[in-house]
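Only one structure is covered here, and it is reproduced in the block below.
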Amino acid sequence: MPSGTLLLIDDEARLRQLLARVLELEGYAVLQAPDASRGLELLQQHADSVLVVVSDVKLPDAHGVDLIPRLKAKAPDIEIVLLTAFGTIPDGVRAMKQGAFDYLTKGDFEQQLVVVVERAAEKARLRRRVAELERRMGQRYSFESMIGGAPALRRAQDLARQVAPTDSTVLLEGPTGAGKELFAQAIHHASARQHKPFVALNCSAFPKDLLESELFGYKKGAFTGALADKKGLLEEATGGTLFLDEIGELELNVQAKFLRVLETRQFTKLGDTKPTSVNLRIVAATNRNLKLEAASHHFRPDLYYRLSVFTINVPSLQERATDVPALAEYFLQHFAAQLRKRLPGLEPECVELLQRYEWPGNVRELKNVLERAAILAPADQPLSAGYLPDEFHALPSPLSPDADPADQSLRAVEARHIRQVLYQVQGNKTEAARRLAIGITTLYRKVQEYGL
């Protein structure tokens, strides 16, 4: 049965009460006003609940068509249905241009009014649901929703806030799992494009022969199996933001086509002969050093310079170790809620181990560790270190003689760091040398030198 609040404005008391009774029988709560002034007062008092205003055109103190903008100013989400004894085409046209939902002529119209009001109420409900969803999305992907206050994170946030209101292309650099897509979402939701699409594409997730058609689309018959026209993600993102994750994975020939998009906001679909224009913003992300890749011609230098108009370095979790306790608590409570389990925080030893870990997988790895721990841990007890994966318990103790934190000599710090990296890669010296950015021969020498 329909529900919601309606506002009925009509100076004919008997007709107003009759219509109110008809609508109340349909399940609505009906507010009544004899003139425009009282109607505006009631709307202001009940702006959050009124879905539809049904108003007579000829009121003692206003013309119904001229009343529309005044009603919308009080409650932008409402729908308005106008009633008149003598309808005219010019009045009807003017009413619709002003934003009326419908324009009905009085008479034997009760059933027609019920149908029109329900359609108007459903449209108002839908608009409010969309507005609420957009509000929640904006909160979820805002800079304020990011957890942590480490200086490296704050620097990245400050840069992102400054560039967000512009249409400039943004390049997000940082390691895998650091939260680059979260930054891209925050930039989009802080821009004038926030109510338009945010379309994300992971360039490493598609086979190279499919990536071009996914990005640009194609025309029917462009190749075997192209049975209909297909929009690419560039078109899908028109008006909004296109986020290209792992853009360093683009093949050189696709890079050339994408460079044209950045320069002209035009591209040609596969199988098409004329260009397609798009209006969108580009935010790209990479875990590579694209500047070095461009210098070594593994990435087009001209595309790199167009992408790096505004570069933001998203810090690794190791660079913001002070944020680990807050992030861990957030993820623990998030998964506890999903599991319908009460987990009152983390024990100090658990927090200490989480902070000492190097987090090669960054925030994504921390999230996965806390999900596992939340599943294993008993309810109604703080999370203990025993529910962390085995590698956390093999970390060198800061109190042990060979990891004395008081020894801050370069030799001691280097030895501790190499030991931890070797453990993280389970003794794989080739991978350890890569992470340490030293040669394998140098690593073997240092292992022997430090007795590791």
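Since the structure is predicted, the reported quantities are computational estimates derived from the model, not experimental observations.
No donor-acceptor pair closer than 3.5 Å links the side chain of Glu181 to the backbone N or O of Ala285. Within the 3.5 Å criterion, the main-chain N or O of Ser277 finds no donor-acceptor partner in the side chain of Arg265. At distances below 3.5 Å, not a single donor-acceptor pair connects side-chain atoms of Thr442 with backbone N or O atoms of Ile438. The closest donor-acceptor contact from the side chain of Asp102 to the backbone of Val81 lies at 3.5 Å or more, if one exists at all.
For Tyr330, the OH atom counts as loosely surrounded, since its 6.0 Å shell holds 12 or fewer non-hydrogen atoms of other residues, nucleotides or ligands. Enclosure of atom CZ in Arg161 by more than 12 non-hydrogen atoms of other residues, nucleotides or ligands within 6.0 angstrom is indicated. No more than 12 heavy atoms of other residues, nucleotides or ligands lie within 6.0 Å of CD in Gln44, so this atom counts as exposed by the packing criterion. By the neighbour-count criterion of 12 heavy atoms within 6.0 Å, atom CG of Asp48 is sparsely surrounded, having that number or fewer from other residues, nucleotides or ligands.
Of the N and O atoms on the side chains of Glu371 and His334, not one donor lies less than 3.5 Å from an acceptor on the other residue.
Using a cutoff of 4.0 Å between basic side-chain nitrogens and carboxylate oxygens, Asp167 and Arg281 are not scored as salt-bridged. Using a 4.0 Å cut-off between a side-chain N of Lys or Arg and a carboxylate O of Asp or Glu, Arg356 and Glu352 qualify as a salt bridge. For Arg119 and Glu122, the salt-bridge test fails: no basic side-chain N is under 4.0 Å from an acidic carboxylate O. Contact check on Asp380 versus Lys341 returns no salt bridge, with no Lys/Arg side-chain nitrogen under 4.0 Å from an Asp/Glu carboxylate oxygen. The residues Asp158 and Arg155 are annotated as not salt-bridged, no charged nitrogen and carboxylate oxygen being separated by less than 4.0 angstrom. Under 4.0 Å is where a charged nitrogen must lie from a carboxylate oxygen, and between Lys230 and Glu236 no such pair does.
Between Phe299 and Tyr304, the distance separating the two ring centers is not shorter than 6.0 angstrom.
When side chains are defined from C-beta on, Glu365 does not count as touching Leu317, because their heavy atoms never get closer than 4.5 Å.
Annotation: cation-pi pair Lys257/Phe216 present, NZ/CZ under 6.0 Å from the ring centroid and within 45° of its normal.
With rounding to the nearest 0.5 Å, the separation of CG in Asp245 from CG in Leu201 is 8.5 Å.
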